[in-house]
Structure formats: C-alpha cells, structure tokens
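Take a look at the structure below.
Please read these numbers as outputs of a predicted model, since none were measured by experiment.
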Amino acid sequence: MFGSKKKVNDLMAQLRPDLSREALGVGPDFPGVAPNPLLSSDARRRTAELRTGALALGVLVGWREVNSNPRVVLMFDVETAGGISFRGIADEDLTITELTRLAPGQTFPVRFRPAVMDHYVALARDADPARVQQLSDEIARRKRA
C-alpha cells in the first residue's frame, strides 16, 4: 500500500471500528492493528522482539476476531513485576479449541517490551510454570502491602 503508516492505521480503524484505539481501550500511542501482520515488517519485528520480552500477567478483558484463521486481537489488563499496569493488546493466531476456551477474567502469562511500552503484548506460551507462579506471588504480595 502507498501512503503513510498513519493512513494505513486510520484505514484499518475505518474498515473495522471494533479494532480502533478507542474500541480497544488504548491511548493514542498505540500504533494500531496491522491489516496483515505477515506483510508488515514492523509487525514481524515486533513479534520477534516480543518472543524475548519481559514476562507479565494479563487478565483477559475481551477479544475481537480479525479473520477466520482464527486471528484474534486479545485485550488484557496487564500487571508487571515492577508494578506497572496497562492495557495490553495481543494479535494472535489461535486454534478453534483455544478460541472456544477463552473467557473474560482468565489470567495468562504475556510478554511485553519494557523499553517500548506501546500496548503490544504476546501470549507467553513458552513461559516456565514455576516462573509464572513466582510472578503471580510477587504481584499478589505487592497488592497486599
């Protein structure tokens, strides 16, 4: 596509108002959902960086199906080990089984990029369960204090 990235993101919001910044609950710094992340060099770079990002916990707020692959945009309320909370958006390809098991309020391990903080997160499917439990305990201790 020709034009600036801002125009592409605005086009996506026009085509899918349910994927706009306002509908997803993020601020103006959110770069937007890529129409096709496989064709977007920014999306491919972001995905690679998120694979090695910092671990956090995300409580599922909701999701939007983008296509029937099924590609979904998951919205999380994320809490980090350092005490930072933010709305996180994960652009994921799920199986039909995974999609049918989604329910608001579920907690998932996610990865984020602390240096960027652009609202993007990714499911941390590779996270060590012991580390996830340790992180959960740290967050719970901080909330009690």
Side-chain angles (χ1 to χ4, degrees), residues 1 3 5-140 142-143:
M1 271 192 95
K5 290 180 185 181
K6 181 171 177 25
K7 288 182 184 175
V8 171
N9 291 331
D10 291 343
L11 176 65
M12 185 67 171
Q14 288 175 358
L15 293 172
R16 292 288 307 269
D18 60 325
L19 296 177
S20 70
R21 290 172 178 84
E22 295 79 22
L24 296 173
V26 295
D29 294 335
F30 180 62
V33 175
N36 186 339
L38 299 176
L39 296 178
S40 167
S41 61
D42 288 342
R44 287 193 312 268
R45 183 175 12 87
R46 179 179 55 249
T47 300
E49 291 172 0
L50 284 169
R51 282 191 197 117
T52 60
L55 193 61
L57 293 180
V59 176
L60 185 64
V61 174
W63 63 93
R64 308 275 195 282
E65 288 187 51
V66 178
N67 63 27
S68 59
N69 282 358
R71 176 181 167 211
V72 295
V73 172
L74 303 166
M75 295 162 295
F76 293 101
D77 284 336
V78 178
E79 184 124 9
T80 70
I84 298 170
S85 297
F86 64 95
R87 172 62 51 94
I89 305 296
D91 190 341
E92 300 280 344
D93 290 321
L94 301 180
T95 66
I96 295 295
T97 303
E98 290 171 323
L99 184 61
T100 60
R101 291 182 178 162
L102 290 178
Q106 289 176 303
T107 301
F108 291 90
V110 297
R111 296 197 184 279
F112 72 105
R113 300 176 297 168
V116 179
M117 293 303 289
D118 62 357
H119 297 280
Y120 276 111
V121 298
L123 292 176
R125 299 171 192 258
D126 64 335
D128 175 36
R131 175 64 187 118
V132 172
Q133 185 60 51
Q134 180 185 17
L135 177 62
S136 179
D137 294 344
E138 287 173 29
I139 291 169
R142 188 177 56 253
K143 285 184 177 180

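Atom CD1 of I84 is separated from atom CE of M117 by 5.0 Å, given to the nearest 0.5 angstrom. The CG atom of N69 lies 12.0 Å from the OG1 atom of T95; values are rounded to the nearest 0.5 Å. Distance check, rounded to the nearest 0.5 Å: OG1 of T80 to CD1 of I139 gives 7.0 Å.
Evaluation of the side-chain hydrogen bond (donor to acceptor under 3.5 Å, both in side chains) test over residues 85-94, restricted to residues two or more places apart or in two chains, returns R71-D91, D77-R87. Pairs passing the ring-ring contact (aromatic ring centres under 6.0 Å, His included) check and including a residue from residues 87-115, sequence neighbours excluded, read F76-F108, F86-F112. The list of ring-ring contact (aromatic ring centres under 6.0 Å, His included) pairs with a residue in residues 53-74, not counting sequence neighbours, is empty.
A pairwise comparison of heavy atoms in R101 and Q106 identifies O-NE2, 3.2 Å as the closest pair. Scanning all heavy atoms of the two residues, the minimum distance from A122 to A90 falls at CA-CB, 4.3 Å. Of all non-hydrogen atoms in L57 and V110, the two that sit nearest each other are C-CG2, 4.3 Å. Residues A81 and E138 come closest through the heavy atom pair CB-OE1, 3.7 Å.
The shortest side-chain heavy-atom distance between L99 and E65 falls under the 4.5 Å cut-off. The closest side-chain heavy-atom distance from L123 to L94 is below 4.5 Å.
Side chain of S136 to main chain of V132: no donor-acceptor pair is present (N/O by atom type, distance under 3.5 Å, no hydrogens or angles). Within the 3.5 Å criterion, the main-chain N or O of R16 finds no donor-acceptor partner in the side chain of R64.
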With a cut-off of 3.5 Å and sequence neighbours excluded, list every side-chain donor-acceptor pair involving residues 48-56.
from : atom 1 : to   : atom 2 : distance (Å)
E49  : OE1    : R113 : NH1    : 2.5
T52  : OG1    : E49  : O      : 3.2

Please evaluate residues I89 and M75 with respect to the criterion side chain to side chain contact (heavy atoms under 4.5 Å, CB included), reporting the C-alpha separation (whole Å), side-chain torsions for both, the decisive distance (0.1 Å), and the verdict. CA-CA 5 Å; I89 305 296; M75 295 162 295; 3.6 Å; yes
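For A140, the side-chain contact (heavy atoms from CB on, under 4.5 Å) partners are R144, not counting sequence neighbours. Scanning for side chain to side chain donor-acceptor pair (under 3.5 Å) contacts around D137 gives Q133, with sequence neighbours left out.
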